[in-house]
Protein chains: 2
Amino acid sequence: MENYLEYTKVFKALGDPKRAMIVDMLSCGELCACMILEKFEMSQSTLSHHMKLLCECGFVKGRNEGKWTYYSLDAETINKTKQFFCDITSEKENCICKEDGNCCKGCDENE
Amino acid sequence: MENYLEYTKVFKALGDPKRAMIVDMLSCGELCACMILEKFEMSQSTLSHHMKLLCECGFVKGRNEGKWTYYSLDAETINKTKQFFCDITSEKENCICKEDGNCCKGCDENE
DNA sequence: ATGTTAAATCGAAAAGTGTCAATATGATAT
DNA sequence: ATATCATATTGACACTTTTCGATTTAACAT
């Protein structure tokens, strides 16, 4: 599990309310940048910056058509991220809490 | 769905590799702060700061016992976060992409 | 009482982020 | 060719975050 950096990039991207809203907007189909822009009070350059972050982590894909750019969610990255979230939050074998001397109180008591 | 701020706090907390690792460590049981500290090259005050962020968003719970603090994951927040993630990434009714004039190309063509 | 230990808080430095206006790029229309 | 339009990039600014060393707090232990 050395994907920490890969997926924390995704979480960081989702860690901004406006970007989370954009993801929500894209959840039922692709949208043109100008359509997204309409729904926010935000400059065009700021939106472009947010879309760049969402794309760089793989969560969103951009597609050019003429002078427009259409954005949509990337299903594979979504599923992998969900899996990563489950991985780091669910119990597993060989975890640290099962090692000897993992508990400060216990350590003291064994002395 | 006005929980954007609430859950983006969680995502922001998970958006740091070290914090994601801490969550992973806690996934199979509670651990004392000093035990977590042992596993990282990080000052004690830095760890304390990371734990504060993880607790403030509700993802982690702290419990004092004598001079120690034990941390563990909060199952309810985990489940709610998972649900929020699914909500914003899955198709829903009445979404923007189904409105009229949602597509720049179409808008132009209709003129 | 005094010292020790675990953890939190404070203050500061460095790095990163969100935002905008201005400019650049690239496609299309005239 | 030239103008227009959608988007990306740049540069600047304020704000936030990460990190550390130093200090404080609270709980034991002697």
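Predicted, not measured: the structure shown is a model, and the values here were computed from it. Each chain gets a letter, A, B and so on, in the order the sequences are listed, and its residues count up from 1. Scope of the values below: all heavy atoms of this structure, side chains included, with no hydrogens, waters or symmetry mates.
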So does [X] get a side-chain nitrogen or oxygen closer than 4.0 Å to the phosphate oxygens (OP1/OP2) of [N]?
| X | N | value |
| --- | --- | --- |
| A:S43 | C:dT19 | no |
| A:T46 | C:dC20 | yes |
| B:Y71 | C:dA8 | yes |

Considering all heavy atoms of both residues, which atom of A:T69 and which atom of A:N64 are nearest to each other, and what is their separation?
OG1-OD1, 3.1 Å
Might you point out which heavy atoms bring B:L26 and B:V60 nearest each other, and give the distance in Å?
CD1-CG2, 4.0 Å
I need the [atom1]-[atom2] distance between [X] and [N], as an integer number of Å.
| X | N | atom1 | atom2 | value |
| --- | --- | --- | --- | --- |
| A:M42 | C:dT17 | CE | C1' | 14 Å |
| A:M51 | C:dT17 | CE | C1' | 17 Å |
| A:F11 | D:dT17 | CZ | C1' | 19 Å |
| B:K52 | C:dC10 | NZ | C1' | 10 Å |
| B:K67 | C:dA6 | NZ | C1' | 7 Å |
| B:H49 | C:dA6 | NE2 | P | 22 Å |
| A:L31 | D:dT7 | CG | P | 11 Å |
| A:E56 | D:dA8 | CD | P | 12 Å |

Check DNA chain C against residues 13-20 of chain B and give the residues with a non-hydrogen atom under 4.0 Å, in numerical order.
none
What I want to check is whether an N or O donor and acceptor connect the side chain of B:Q44 with the base of C:dA6 at under 3.5 Å.
no
Any N or O donor-acceptor pair under 3.5 Å from the base of C:dA8 to the side chain of B:T69?
no
List, one per line, each side-chain donor-acceptor pair under 3.5 Å for residues 7-14 of chain A, sequence neighbours excluded.
from : atom 1 : to   : atom 2 : distance (Å)
A:T8 : OG1    : A:Y4 : O      : 2.7
A:T8 : OG1    : A:L5 : O      : 3.1

Where each residue is assigned the nucleotide of DNA chain D containing its nearest heavy atom, which of B:K12 and A:N64 is assigned the position nearer the 5′ end?
A:N64
Side-chain atoms of residues 45-55 of chain A: list all donor-acceptor pairs with protein atoms under 3.5 Å, sequence neighbours left out, distances to 0.1 Å.
from  : atom 1 : to    : atom 2 : distance (Å)
A:S45 : OG     : A:S43 : OG     : 3.2
A:T46 : OG1    : A:S43 : OG     : 2.9
A:H50 : ND1    : A:R19 : NH1    : 3.0

[atom1] of [X] to [atom2] of [Y]: how many Å apart, nearest 0.5 Å?
| X | Y | atom1 | atom2 | answer |
| --- | --- | --- | --- | --- |
| B:M21 | B:F40 | CE | CZ | 6.0 Å |
| A:L31 | A:Y70 | CG | OH | 10.0 Å |
| B:D87 | B:T81 | CG | OG1 | 11.0 Å |

Mind checking B:H50 for me? I need base, sugar-phosphate or nothing, with any heavy atom below 4.0 Å counting as a touch.
sugar-phosphate
Heavy atoms only, 4.0 Å cut-off, all strands: where does A:L53 land among base, sugar-phosphate and nothing?
sugar-phosphate
How about A:I88 and B:S27: do any of their side-chain heavy atoms sit closer than 4.5 Å?
no
Measuring from the side chain of A:C32 (C-beta onward, heavy atoms only), which nucleotide among C:dA6, D:dT7, C:dA8 has the closest atom?
D:dT7
Quick one: which of C:dA7, C:dA8, D:dT9 gets closest to the side chain of B:C34?
C:dA7
